[in-house]
Amino acid sequence: MKKLFFWLVVAGMTMTATAQRLTSPNKKLTVEVKGGQFVISYQGQQVLQMNDAQAALPLKAPKAKKVKADYTMIEGKRSHCTNEANEYRVGQMTLRLYNDGIAYRYEQPVKEQAAYVIPVGMKRWMMQWTDGAEGFYPLMTTHKVKAQRSFSAVSKDADGNCVRWSFPVLLEASPSPSVGGESVFALLTEANIEKGQSASSLYNDGEVYRVVPDEGENKAHSPWRVVIVGTLGDVVESTLVTDVSEPCKLEDTSWIKPGVVSWVYWAYNHGSDDYNIIKKYTDLAATLRLPYVLIDAEWDRMKDGKTVEDAVSYAKSKGVKPMIWYNSSVGWIDGAPTPKFRLNKPEDREKEFAWCEKIGVAGVKIDFFSGENQKNMDYCIDLMESAARHHLLVNFHGATVPRGWQRTYPNLLSTEGVYGAEWYNNVPTFTKAAASHNATLPFTRNVIGPMDYTPCAFSDSQHPHITSHAHELALTVLFESGLQHLADRPESFLAQPQAVQDFLSNLPAAWDETRFVSGYPGESCVLARRSGKTWYVAGINGTDAEKTLAVPLGFVKGKYTATLFADSGSESEPWRIERIQKLPETVACQPRGGFIIRIDL
């Protein structure tokens, strides 16, 4: 018995001696490396445990290497991004501690063994995996969640519980540590997918969630796995996904212009086969001074003897830049809309994109991919590179979530990868769930990159919405996307007060600065975004009860003029639009309501 006690003491002393504590440049974030575990802490309080065999190996060099990121973005939550990190080498892993999180990757072709421990009771917002990343992020506190079917099948165990989860994942550390009165959160995702790599997702065995790359990966090093850590504000404002991604590979980016798009599908599923409907949306874009119109699926089957070239010519004559849709032809093919099989072969793709450039198409929306394997990732990169050679903007739909490509290939201005407003056209589920879902997305999906949710509808599609007018308008600012597609039909937009039309006419689609103001996932969210000298403050109530939202705007300095767009509470006159002399500290919102404050300095 004495011998056993002796060796237990020795083992404990050895573990203590070999444990390494790594720190971020600002000292707020630490990672303790010991016994096959990485333990992440924020200001001395444990946030997350990650199991990995690499953590049992010694540091290659005890002194940290300094890493700095300083770059500009054409599209995103911030035009000038900066960050710094301390970089360490642990076994075959490169581990970076940034001021707002950690990033790690394997530098040799070793089998990934990383697994996050998410104990029962810890609050988490997670989406069940589908190949198009279209699902809700419900609040959960356990791994025992029944698998649901949405657009495509999800993975489940023998008891019917979901076992495969998409990135990103938002966690609230439990028991909730308090830093200045605020809880600490961690957002799990990944970044910088290169040729020869697949994306990954999480598979859980009870409380342990393993990082599992999809099929086909053959690159010597892995993508960066990312954990953003801090308060909700730290998470929402973080640019860590692009900080670790490859710099821009394009020599000339002067032709890349984010902007707002008029969009036909929400009201007319098959509207792009009708020249006269396309004209209506082009005229809307011209009237509201929107830079783009999207000619969606089935333009190759246009009626009445018209062609897509006629539609493109009409848009150009109105000063509107046309974009057109393609089927990727690797996902949904049988029974899917056309045009198909025009982009799969390199020679066909170059011919098609050259034709687009010649006739004056500004960009392409490419739809219906088949998941996150290496084949899909390589195909996406080929598409972005080929499109850039022909000065074409890119919007991926029916695709996985962004993982930093918007920095490397800035012609990628948006990606769907979200359960968005088009689903009002498909299923009744969205009507009651949308408000809470909308108040969750700024903390989850939209943290990691542009999100083509297709917001802002004052009228109804096939299934009604019960969010308010001001809630819908607020989404155009709350949701960041380099191509912001407006969902509603032309007559609905043109029936709104002139102040609302003018707001849309001047709406930016890229931001110089983003600040988290207040909120909590699923309940409410208030963000402030700046473009030049104008601040746009957007807030929504995600609940079915009246709610007063905190709006602390102490960062707005100097003289200003401000306009408030809010709900009146009247069905016949739904808007309350007024000039305000003083910025409010709170705004009262009706159930599922919202507001916008435009502040001109």
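What you see is a predicted model, and the numbers here were worked out from it, not measured in a lab.
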Task: Taking every non-hydrogen atom, the tightest pair across Val244 and Ala103 - done: CG1-CB, 3.9 Å
- [ ] Answer whether the closest heavy-atom distance between the side chains of Ser245 and Trp405 falls below 4.5 Å.
- [x] no
Open item on the list: In terms of relative ring orientation, are Tyr453 and Phe430 parallel, tilted or perpendicular, with 30° and 60° separating the classes?
Closed with: tilted
Task: Verdict with supporting geometry, Phe503 and Tyr536, ring-ring contact (aromatic ring centres under 6.0 Å, His included) - done: CA-CA 10 Å; Phe503 177 90; Tyr536 294 79; 5.7 Å; yes
Task: Residues Asn395, Asp452; criterion side chain to side chain donor-acceptor pair (under 3.5 Å); working and verdict - done: CA-CA 8 Å; Asn395 178 16; Asp452 194 18; 2.9 Å; yes
Open item on the list: Quick test of your reading of the model: are Lys249 and Glu385 salt-bridged, counting only N-O distances below 4.0 Å?
Closed with: no
TODO: Determine whether Pro591 and Glu546 make a side-chain contact, defined as any pair of heavy atoms from C-beta on separated by less than 4.5 Å.
DONE: yes
Open item on the list: Does Phe458 form a ring-ring contact (aromatic ring centres under 6.0 Å, His included) with Trp575? I'd like the steps, not just the answer.
Closed with: CA-CA 11 Å; Phe458 307 119; Trp575 288 104; 5.7 Å; yes
TODO: Compute the ring centroids of Tyr292 and Trp263, then answer whether they are less than 6.0 Å apart.
DONE: no
TODO: Decide yes or no for Ile324 and Lys365: does some side-chain heavy atom of the first lie under 4.5 Å from some side-chain heavy atom of the second?
DONE: no
Task: Ring centres under 6.0 angstrom apart (Tyr98, Trp224) - done: no
Open item on the list: Less than 4.5 Å apart, side chain to side chain, heavy atoms only: is that true for Val235 and Val447?
Closed with: yes
- [ ] Could you walk me through whether Lys533 and Asp600 pass salt bridge (charged side-chain N to carboxylate O under 4.0 Å, His left out), step by step?
- [x] CA-CA 6 Å; Lys533 293 184 177 181; Asp600 294 293; over 6 Å; no
Task: Heavy-atom side-chain proximity of Leu383 to Phe396 below 4.5 angstrom - done: yes
Open item on the list: Distance to the ring centre below 6.0 angstrom and angle to the axis at most 45 degrees; does that hold for Arg598 and Phe565?
Closed with: no
Task: Distance (rounded to the nearest 0.5 Å) between Asp296 CG and Trp325 CH2 - done: 7.0 Å
Open item on the list: Walk me through whether Tyr520 and Trp125 qualify under ring-ring contact (aromatic ring centres under 6.0 Å, His included).
Closed with: CA-CA 12 Å; Tyr520 188 83; Trp125 293 261; 5.8 Å; yes
Open item on the list: Salt bridge check, Asp512 against Arg78: does any charged N sit closer than 4.0 Å to a carboxylate O?
Closed with: no
Task: pair Leu188-Leu170: side-chain heavy atoms closer than 4.5 Å - done: no
- [ ] Take Leu601 and Thr534, measure what side chain to side chain contact (heavy atoms under 4.5 Å, CB included) needs, and give me the verdict at the end.
- [x] CA-CA 6 Å; Leu601 300 177; Thr534 301; over 6 Å; no
Task: Near-ring test Trp535/Phe555, centroid separation under 6.0 angstrom - done: yes
Open item on the list: Would you say that Leu29 contacts Ile102 through its side chain, given a criterion of any heavy-atom pair below 4.5 Å between the two side chains?
Closed with: yes
Task: Flag side-chain contact, heavy atom, 4.5 Å: Cys356 against Tyr326 - done: yes
Open item on the list: Counting the benzene-type ring for Trp, do Phe136 and His437 have ring centres under 6.0 Å apart?
Closed with: yes
Open item on the list: Within this structure, what is the CD-CG distance for the pair Glu237 and Leu527, rounded to the nearest 0.5 Å?
Closed with: 8.5 Å
